[in-house]
Number of protein chains: 2
Amino acid sequence: MASITRRRAVSRPASAEAEILAATRRILTEGASFTDLGVQQISTAAGVARSTFYAHFRDKTDLLLRLATEMLSTSFDVASSWEPTEGVDKAAEDFLRILGIYREHAGVLRAIGEVATYDQTVRDFWSQGLARFTERTIEALRVEQAAGRTPADIDLVSAARVIVVGGERAIFDHITSAPPADDATFARELARTWWYGVYRRPA
Amino acid sequence: MASITRRRAVSRPASAEAEILAATRRILTEGASFTDLGVQQISTAAGVARSTFYAHFRDKTDLLLRLATEMLSTSFDVASSWEPTEGVDKAAEDFLRILGIYREHAGVLRAIGEVATYDQTVRDFWSQGLARFTERTIEALRVEQAAGRTPADIDLVSAARVIVVGGERAIFDHITSAPPADDATFARELARTWWYGVYRRPA
DNA sequence: GTTGCGCCGGACATCGTGTCCGGACGAGCT
DNA sequence: AGCTCGTCCGGACACGATGTCCGGCGCAAC
């Protein structure tokens, strides 16, 4: 790596924190429920005292949010690239890539979905993320309608909701119950359903 | 009401239990999180001692399952009626009816979705319900394919997953964030998306 | 009146959470 | 070397929720 001027304590590994993050990711990947996961277990798995946990995270929710933002910053640009003009096959390709990312972060994603159902903070965090995609979808559909390629009588909000919310759930369900070998088939099916069901629905 | 021969204690109201069920339904309808809901709060709301709760329910999960089966037995036949031969407009009508049922039981449904994310028992209960619809959908699609009305290259399992799982989620999301006045529009949109995206997708 | 039953109400053990603090250890400074 | 500061340990504590248990009370049936 590049020769960086030695910084002081600030840039030090802060090992405990990183250890906790890593251990939690590991445990979640193994399929454990985040709700049932106690602070004691996390600390033990990270090789750290329980009190140290609270020195770095306000509570379990704080930890989850940290994990989530970390994940989003790693794989962000992914799903926001597709444009209707690129066609249905490109959409299938993009969905396939999204499936890969979802599989990679399945543990954290599951935890988010879990806590989001009963914790307002996490719910807001996540729905804000989905809202961005919904906005994008609505805008793309509006353009298509204006160009006469998508039927004018489509209700943009409803259609976008079905695509984004329903699609996200279907993807999540798929990766938690089907093998990676089925990903390409599923991605193709999803792309075509949205394409012929919405973007190119017969008038 | 009809003159029924007086039965003994067995047919007595068993008021405490009914009170608990009713109070829980009421609280959930008001939007509270089932996870954050304590046994003490439920008991107080039902006008019953906490120990009485445990005399009727093994724990909170037991209560939720009781509420869920009760709901399903009330409104069961609903969504299993539609056949592809009835067309897209009939599908929209059926979806509208389903939206009504979902709104009616929104509280309990939310609680189930909540607990299902971290409790194996509840998760199994609910996914078993959805699995029935998935089976039906696969079968219906198979018939349509055989008759040449649905493209032969559709992957039945993926398509059914998108329809059932994605649709369920989109419906749930809709009723929790849009007013009833929007129901008809949403139902129409959902029906058309599945119809033109899957059942009548161009070959 | 007596019996049976459903309910009350409170005690109890147990567990997870979040806070606090004294003290150990090590890295860097002087 | 000695000092200091930041990080971490380990354990104590208060609190609240869970699930169990049991003595006692009131009502309705016989």
Side-chain angles (χ1 to χ4, degrees), chain A residues 3-24 27-28 32-67 111 114-122, chain B residues 3-24 27-28 32-67 111 114-122:
Chain A
S3 118
I4 298 173
T5 308
R6 272 289 189 79
R7 282 275 162 228
R8 49 186 63 255
V10 184
S11 70
R12 198 102 51 72
S15 87
E17 185 165 321
E19 221 67 60
I20 292 172
L21 256 1
T24 308
I27 295 174
L28 288 178
S33 152
F34 187 76
T35 304
D36 295 344
L37 198 57
V39 172
Q40 178 64 68
Q41 298 170 55
I42 295 174
S43 305
T44 303
V48 148
R50 199 174 69 94
S51 61
T52 303
F53 176 94
Y54 289 102
H56 292 272
F57 305 94
R58 201 146 39 69
D59 51 29
K60 248 171 48 181
T61 300
D62 187 25
L63 165 63
L64 180 58
L65 255 20
R66 208 82 74 82
L67 239 25
E114 197 180 313
V115 182
T117 60
Y118 58 80
D119 183 296
Q120 188 67 37
T121 316
V122 177
Chain B
S3 118
I4 297 172
T5 307
R6 271 287 189 79
R7 281 278 163 226
R8 49 184 63 257
V10 185
S11 70
R12 198 101 50 73
S15 85
E17 185 166 320
E19 222 67 60
I20 291 172
L21 256 1
T24 308
I27 296 173
L28 288 178
S33 152
F34 186 75
T35 305
D36 294 343
L37 197 56
V39 172
Q40 179 65 69
Q41 297 170 55
I42 296 173
S43 306
T44 303
V48 147
R50 200 173 69 92
S51 61
T52 302
F53 176 94
Y54 288 102
H56 291 273
F57 305 93
R58 200 144 41 68
D59 50 30
K60 246 171 49 181
T61 300
D62 187 25
L63 166 63
L64 180 58
L65 255 20
R66 208 82 76 82
L67 240 25
E114 196 178 313
V115 181
T117 60
Y118 58 81
D119 184 297
Q120 188 66 38
T121 316
V122 177

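In what follows, chains are A, B, ... by sequence order, proteins preceding strands, each numbered from 1.
- Between the CD1 atom of Ile20(B) and the P atom of dG6(C) there is a distance of 14 Å, rounded to whole Å.
- Ala23(A) approaches Ile42(A) most closely through the heavy-atom pair CB-O, 4.5 Å.
- Listed by chain and number, the residues in a salt bridge (Lys or Arg N to Asp or Glu O under 4.0 Å) with Asp59(A) amount to none (sequence neighbours excluded).
- Considering all non-hydrogen atoms of both residues, Ala45(B) and Ile27(B) come closest at CB-CD1, 3.7 Å.
- The two residues Tyr118(B) and Glu114(A) have their closest heavy-atom pair at CB-OE2, 3.5 Å.
- Following rounding to the nearest Å, Phe57(B) (CZ) and dT18(D) (C1') show an atom-to-atom distance of 17 Å.
- Counting only heavy atoms from C-beta on, Asp59(B) has its side chain closest to dG19(D) among dG19(D), dC8(D), dC7(C).
- In this structure, His56(A) reaches the dC8(D) phosphate: one of its side-chain N or O atoms is under 4.0 Å from OP1 or OP2.
- Residue pairs meeting the side-chain hydrogen bond (donor to acceptor under 3.5 Å, both in side chains) criterion with at least one member in residues 41-53 of chain B, sequence neighbours excluded, are Gln40(B)-Thr44(B).
- Note: CD (Gln40(B)) to P (dG10(C)) measures 11 Å, nearest angstrom.
- Protein atom CG of Asp36(B) is 14 Å distant from nucleotide atom P of dT17(C), rounded to whole Å.
- Only Arg50(A), Ser51(A), Tyr54(A), listed by number, bring a heavy atom of residues 46-55 of chain A to less than 4.0 angstrom from any atom of DNA chain C.
- Put simply, the side chain of Glu17(B) reaches to within 4.5 Å of the side chain of Leu21(B), judged on heavy atoms.
- Taking atom CZ on Phe34(A) and atom P on dG16(C), their separation rounds to 15 Å, with Å as the unit.
- Atom pair Lys60(A):NZ and dC15(C):C1' shows a separation of 13 Å (rounding to whole Å applied).
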